[in-house]
Amino acid sequence: MSKPSVYITRKLPEDLVEPYREVLDIEMWDREEEPVERSHLLKKSRTADALLTMLSDQVDNELLDGADRLKMVANLAVGYDNIDVEAATDHGVQVTNTPDVLTDTTADLVFGLLMATARRLMEAEQFVKEGNWTNWSPLLLAGTDIHHKKIGIVGMGRIGQSIAKRAKGFDMDVLYHNRSRHREAEEQLGAVYTEFEDLLESADYVVCMAPLTEETNGMFRVEQFKKMKKEAIFINGSRGQLVDEKDLYDALVEGEIAGAGLDVFEEEPISADHPLLQLEQVVALPHIGSATKETRYKMMELCLENIKHYFEEGRVQTPVNDI
């Protein structure tokens, strides 16, 4: 019997892929840092039984309509806004993602981003490297405290809860807003459910971890930034589309808020001449929330395991839709 055909849209480490070649006919895009060309992906999807995709790959009706053999799509991410899940379900295509394995890693990064923004670490590093440190002064690159402050987490999913755990280690008061109350976070972490507007007005750090949906798209605009404290810092570790970047820029320039730490952007990669990147009070990272070797290997392995188990046993570990 022939092996199921799998197309992987980025070049993954061969030492990880090789064991799966025994049961899967695997072909990969030959570049690690460049996304697969759309025309090439459409061509390969016509003959593939499964795709292993990245967030940069759009799986939509155009692709699905021409992919008669396609049975599943394993997405290398927790989020799956690059996939039209409803269309995939209509086409009988199983979709999977990679939750859990990146929770702590992403929480580490987001809290580190908060710390770097609050304590002006990136500015301080450049200050030293550019030879500007010639003396000491009482308020040289003075940032703001993290301990004993209020953190407001918008989106209390797994990663949000892990960020709350880290915040408790800094003796922070944890406020959160979510689509529904999270009793476990309240009981175990002392998190306090707060209406969105109240959270914005009360928090010293507003951390956006909500998923991208029709309801959350553009949820942070001029009105929301105006409600925040002038000393507040905004952190986004979720999706760039949740934030109106022009409104964020204006809020920073006009002093409506004090700073922003961003790991995600409306358009990625963000251009080096983007207005936000010209501001010293902005710390910008290239969407590296889960980027440790250990975690990325676990994510890749989970995708391949899902594909393998689907064709061998008709089941997957982390389904996004019901097929």
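Numbering starts at 1 and runs along the sequence shown.
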Query raised in the report: Taking NZ, NE, NH1 and NH2 as the nitrogens, is one of them in Lys129 or Glu125 under 4.0 Å from a carboxylate oxygen of the other?
Result: yes
Query raised in the report: Any salt bridge between Asp49 and Arg69, counting N to O under 4.0 Å?
Result: yes
Query - Electrostatic pair Asp145:Lys149 at N-O distance under 4.0 angstrom - result: no
Query raised in the report: How are the rings of Phe234 and Phe225 set relative to one another: parallel (under 30°), tilted (30 to 60°) or perpendicular (over 60°)?
Result: perpendicular
Query - Side chains of His309 and Gln317 in contact at under 4.5 Å (non-hydrogen atoms) - result: yes
Report task. May I ask you to decide whether Arg21 forms a salt bridge with Glu14, counting only side-chain N to carboxylate O separations under 4.0 Å? Result -> yes
Report task. Taking the side chain as every heavy atom from C-beta outward, state whether Arg166 and Asp104 have any atom pair closer than 4.5 Å. Result -> yes
Query raised in the report: Considering only heavy atoms from C-beta outward, does the side chain of Phe220 approach that of Leu248 to under 4.5 Å?
Result: no
**Report entry** Test side chain to side chain contact (heavy atoms under 4.5 Å, CB included) applied to Lys3 and Ile26, step by step
**Finding:** CA-CA 9 Å; Lys3 303 175 186 177; Ile26 296 175; over 6 Å; no
Report task. Report yes if some heavy atom in the side chain of Ile233 is under 4.5 Å from a heavy atom in the side chain of Leu114; otherwise report no. Result -> no
Query raised in the report: Any side-chain heavy atom of Leu41 within less than 4.5 Å of one from Thr9?
Result: yes
Query raised in the report: So, Glu305 and Lys298, do they make that salt bridge, N to O below 4.0 Å?
Result: no
Report summary line: From the list Ile163, Asp204, Asp173, Leu175, side chain to side chain contact (heavy atoms under 4.5 Å, CB included) with Ile151 holds only for Ile163
Query raised in the report: If we ignore angles and hydrogens, is there a donor and acceptor under 3.5 Å between the side chains of Ser5 and Asp25?
Result: no
Query raised in the report: Counting only N and O atoms by type, is there a donor-acceptor contact under 3.5 Å from the side chain of Asn178 to the main-chain atoms of Arg181?
Result: no
Query raised in the report: Do the charged groups of Asp68 and Arg46 touch, with an N to O distance under 4.0 Å?
Result: no
Query raised in the report: Does the pair Arg221/Asp244 count as a salt bridge with the N-to-O cut at 4.0 Å?
Result: yes
Query raised in the report: Can a salt bridge be assigned to the pair Lys227 and Glu197 using a cut-off of 4.0 Å between side-chain N and carboxylate O?
Result: yes
Query raised in the report: Quick one: are Val59 and Thr53 in side-chain contact, heavy atoms under 4.5 Å?
Result: yes
Query raised in the report: Using 4.0 Å as the upper bound for N to carboxylate O, is an ion pair formed by Glu32 and Arg10?
Result: no
Query raised in the report: Where does the angle between the aromatic ring planes of His177 and Phe196 fall among parallel (under 30°), tilted (30 to 60°) and perpendicular (over 60°)?
Result: tilted
Query - Among Thr98, Thr105, Thr103, side-chain hydrogen bond (donor to acceptor under 3.5 Å, both in side chains) partner for Thr295 - result: Thr105
